[in-house]
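In what follows, a structure is listed as structure tokens, so that the remarks can point back to it.
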Amino acid sequence: MLKYAGILLIVTGAGGFGTYFSSYLKMRLEQLVECREIFAELNAEREYLRLPYAQLLKKTAKGKSFLFYDILSEVAKAMEENSQADVERLWEKAFHKRATQLLLKEEELDLLLALARSLLLEGNHTQVAKLYFIQLEDKILQVMQEKKEKQKLYGTISVLGGLFLVILLL
């Protein structure tokens, strides 16, 4: 009886390990999609409302997840305190401060920083922003494909690894 309980425990643990990695991919995709929504909202509001950038950030932060609310609020607060601050550095600092919570890769963070910088440009910034939005969409599609492929792989490998461990211990 104890042997069967151990087998069940090992297989369940291995399945949980696969589920953990699958949820990691899902959360990464959700963060990328939320970033796209944030920057799309910033872009649209900048075009139509013509508010200062710090106020746009505060307005956009409302209703966002806790992580992105903090990032947007921190950048907005720093911009209000120092109007001559380098906004790109503020974004970079806010992202890197929460690097453990952000599941994004370095190239994805660089893309988001470039998009934030493009929204700061005066005049006809929409062409530059469109290019970054296209790149972000491509990145989201790539992560969706990666999630689909790796989700099955993680589940299969973790269960097979658990079964191998059970056979080894028998």
Problem - Residue list, side-chain contact (heavy atoms from CB on, under 4.5 Å) with A85, at least two apart or on another chain - result: N82, L90
Exercise for the section: Measure the acute angle between the ring planes of W91 and F39, then classify it against the limits of 30° and 60° as parallel, tilted or perpendicular. Expected result: tilted
Handout entry: L136 and Y132, any side-chain heavy atoms less than 4.5 Å apart
Key = no
Exercise for the section: Rounded to the nearest 0.5 Å, what's the gap from CG on D86 to CZ on R117? Could you check? Expected result: 9.5 Å
Exercise for the section: Following the transitive rule for hydrophobic clusters with a side-chain heavy-atom cut-off under 4.5 Å over Ile, Leu, Val, Met, Phe, Trp and Tyr, establish whether F133 and L131 coincide in one cluster. Expected result: no
Exercise for the section: Report the residues that fulfil side-chain contact (heavy atoms from CB on, under 4.5 Å) with K152, sequence neighbours left out, ordered by chain and then residue number. Expected result: none
Completion exercise
d(I38 CD1, Q31 CD) to nearest 0.5 Å is 10.0 Å
Exercise for the section: Indicate whether the side chain of E149 and that of Q145 have a donor and an acceptor atom separated by less than 3.5 Å. Expected result: yes
Practice task
Apply side chain to side chain contact (heavy atoms under 4.5 Å, CB included) to Q55 and K58, showing your working.
Solution key: CA-CA 5 Å; Q55 289 180 2; K58 283 185 174 182; 5.6 Å; no
Handout entry: Test side-chain contact (heavy atoms from CB on, under 4.5 Å) applied to L153 - qualifying residues, sequence neighbours left out
Key = I157
Problem - Transitive ILVMFWY side-chain link L109 to V33, under 4.5 Å - result: yes
Practice task
Go through the structure and list residues passing side-chain contact (heavy atoms from CB on, under 4.5 Å) with K77, not counting sequence neighbours.
Solution key: E81
Problem - Hydrophobic cluster identity match, L141 and L111, side-chain contacts under 4.5 Å - result: yes
Practice task
Drop me the distance from S22's OG to K147's NZ, to the nearest 0.5 angstrom.
Solution key: 8.0 Å
Problem - pair R36-L32: side-chain heavy atoms closer than 4.5 Å - result: no
Exercise for the section: Considering only NZ, NE, NH1 and NH2 on the basic side and carboxylate oxygens on the acidic side, decide whether K139 and E108 come within less than 4.0 Å. Expected result: no
Completion exercise
Between the CD atom in Q151 and the OG atom in S23, the distance rounded to the nearest 0.5 Å is 9.5 Å
Please output the side-chain donor-acceptor pairs of residues 93-106 that fall under 3.5 Å, not counting sequence neighbours, one pair per line with the distance.
{"unit_1": "R98", "atom_1": "NH1", "unit_2": "E74", "atom_2": "OE1", "d": "2.8"}
{"unit_1": "R98", "atom_1": "NH1", "unit_2": "A94", "atom_2": "O", "d": "3.1"}
{"unit_1": "R98", "atom_1": "NH2", "unit_2": "E74", "atom_2": "OE1", "d": "2.8"}

Exercise for the section: Starting at OH of Y20, measure out to CG of L25 and round the result to the nearest 0.5 Å. Expected result: 10.5 Å
If you look only at distance, which donor and acceptor atoms sit under 3.5 Å apart when one is on a side chain in residues 63-73 and the other is two or more places apart or in another chain?
{"unit_1": "K64", "atom_1": "NZ", "unit_2": "E41", "atom_2": "OE1", "d": "3.0"}
{"unit_1": "S65", "atom_1": "OG", "unit_2": "E34", "atom_2": "OE1", "d": "3.2"}
{"unit_1": "S65", "atom_1": "OG", "unit_2": "E34", "atom_2": "OE2", "d": "3.3"}
{"unit_1": "S73", "atom_1": "OG", "unit_2": "Y69", "atom_2": "O", "d": "2.8"}

Problem - Taking every non-hydrogen atom, the tightest pair across V87 and M79 - result: CG2-CE, 3.7 Å
Fill in the blank from the handout: Output for pair (R28 CZ, E146 CD), nearest 0.5 Å, gives 4.5 Å
